[in-house]
Amino acid sequence: MKRKIIDLRRDTITLPTEEMKQFAFQAPLGDSVYGEDPMQNELESLAASLLGKEASIFLPSGTMGNLVALLTHTTRGDEVILEENAHIRTSETGGIGAIAGLMVRTLRGEDGAPDPDDIRRAIRPQDIHYPRTRLICLENTHYRYGGIVPPLEKLRAIKRLAEEAGLRVHLDGARLFNAAVYLGVPARDIAACADTVMISLSKGLGAPVGSLLAGPKDFIEEAKRYRKMLGGGMRQTGWLCACGIVALSPENIARLEEDHRNARLLAERLAEIEGLSVDLSRVQTNFVLLHLHRKDLAAHRFVELLQERGVLATPVSASLVRFVTSREVTREDILEAVEVVKEVLR
Ligand SMILES: *Cc1c(COP(=O)(O)O)cnc(C)c1O
């Protein structure tokens, strides 16, 4: 019997819902570069209000959103403090160096954010020999650490110390709404820990394309110049933005809880299997990191064997495998995937 493919590689595989398509097809269109696309205007004000910021702009990707934020906050040669495994450093093709021309000061933070004391020590004193420390970048949820949510109190402490030191804070919130659902707080409460925030519509929220960058009005006006410079002025964006408006509806945001429940179910069932382990305390949102403890089976091979049986996952290192839940996988799929893992390990 041919099995259905159960895709647990990413939450970017999500397809637009029927509701998104219906809403998109009847959307009025205009030239967004001239501020004339009604749906883009509506989406930008909706996102700004959800994030508690004065304004926001729609961009084609999260990578461009973060890069536009870096460019707008800094000048070439400035230094940015970020967590060692931050997506901006590890997974955005080095744009922070190649395009923004910035120095990177990394600090480790196992809970997803650097310690305020470490940040304080990393801030450069004024000296003609040193780059200027300008910006702190945070990430929530933290991608490389398996979708964990850094403690809100810690983020607040970082924001306070940034204010004291005259630094700005940018939040890479590609999965900010997952964090908000996990903490049971409105997204704007987390966004308040940063001056600017980027959110993705194309991950668990399920829109086909797009991200938003939100912040103070004058910052966003300047950010529009960099968006244009990088080629992010997209004309009739209404179809995409209509999907984004549905993606940001309260019901669609609340639905992320389902992905979290599925991830937890997967993690708990996997943790019972001999030869592997899952740190359940770090399964907080829609990611599961599985540690393989079998000398005869490397993560890459394990993932190949899963794939032959219709379950897709991502090898992260020699012994670590990542599973990500999304709207495209059901509770039944999760239970089926657990059976396939057992079969492979047998
Ligand atoms: C996916 C992601 C991005 C980048 O978004 P793209 O739309 O893929 O460019 C940025 N930060 C984090 C944490 C992400 O997971």
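Note that the structure is a prediction, hence the values are computed from the model and not measured. Numbers here are sequence positions counted from 1. Just follow the structure's listing: the first ligand is 1, and inside any ligand the first atom is 1.
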Going by atom type alone, with no hydrogens or angles, which donor-acceptor pairs under 3.5 Å involve a side-chain atom of residues 230-247 and a protein atom two or more places apart or on another chain?
{"from": "R235", "atom 1": "NH1", "to": "D31", "atom 2": "OD1", "distance (Å)": "3.3"}
{"from": "R235", "atom 1": "NH1", "to": "D31", "atom 2": "OD2", "distance (Å)": "3.2"}
{"from": "T237", "atom 1": "OG1", "to": "Q40", "atom 2": "OE1", "distance (Å)": "2.6"}
{"from": "W239", "atom 1": "NE1", "to": "A24", "atom 2": "O", "distance (Å)": "3.4"}

Taking 4.0 angstrom as the limit and counting only heavy atoms of A174, give me the atoms of ligand 1 inside it, by number and element. 2 (C), 11 (N), 12 (C), 13 (C), 14 (C), 15 (O)
Any chance you could lay out the side chain to side chain donor-acceptor pair (under 3.5 Å) test for T314 and R10, step after step, and finish with the verdict? CA-CA 8 Å; T314 308; R10 298 183 284 267; 5.8 Å; no
Side chain, backbone, both or neither: N66 near ligand 1, heavy atoms under 4.0 Å: side chain
T63, any N or O under 3.5 Å of ligand 1 N or O: yes
Looking at E343 and R346, is any side-chain nitrogen of the basic one under 4.0 Å from a carboxylate oxygen of the acidic one? no
Of all the non-hydrogen atoms in the protein, which one sits nearest to atom 11 (N) of ligand 1, and at what distance? D172 OD2, 2.6 Å
Enumerate the atoms of ligand 1 whose separation from the nearest heavy atom of G62 is less than 4.0 angstrom. 4 (C), 5 (O), 6 (P), 7 (O), 9 (O)
Would you name the heavy atoms of L320 and A299 that are closest together and state the gap between them? O-CB, 3.7 Å
Could you see which bit of H142 sits under 4.0 Å from ligand 1, with heavy atoms only: side chain, backbone, both or neither? neither
Is the shortest side-chain N to carboxylate O distance from D11 to R327 below 4.0 Å? no
Charged N-O contact under 4.0 Å between R160 and E164: no
Could you tell me how the ring of H73 sits relative to the ring of F219: parallel (under 30°), tilted (30 to 60°) or perpendicular (over 60°)? tilted
So is there a nitrogen or oxygen of E139 less than 3.5 Å from a nitrogen or oxygen in ligand 1? no
What residue and heavy atom of the protein are closest to atom 8 (O) of ligand 1, and at what distance? K203 NZ, 4.0 Å
Could a heavy atom of E92 be found less than 4.0 Å from some atom of ligand 1? yes
Test: E19 and R255 ion pair at under 4.0 Å: no
What do you reckon, does S211 have a nitrogen or oxygen under 3.5 Å from a nitrogen or oxygen of ligand 1? no
Contacting atoms of ligand 1, where contact means under 4.0 angstrom from a heavy atom of S61: 7 (O), 9 (O)
Consider ligand 1: state whether an atom of it lies below 4.0 angstrom from any non-hydrogen atom of R175. yes
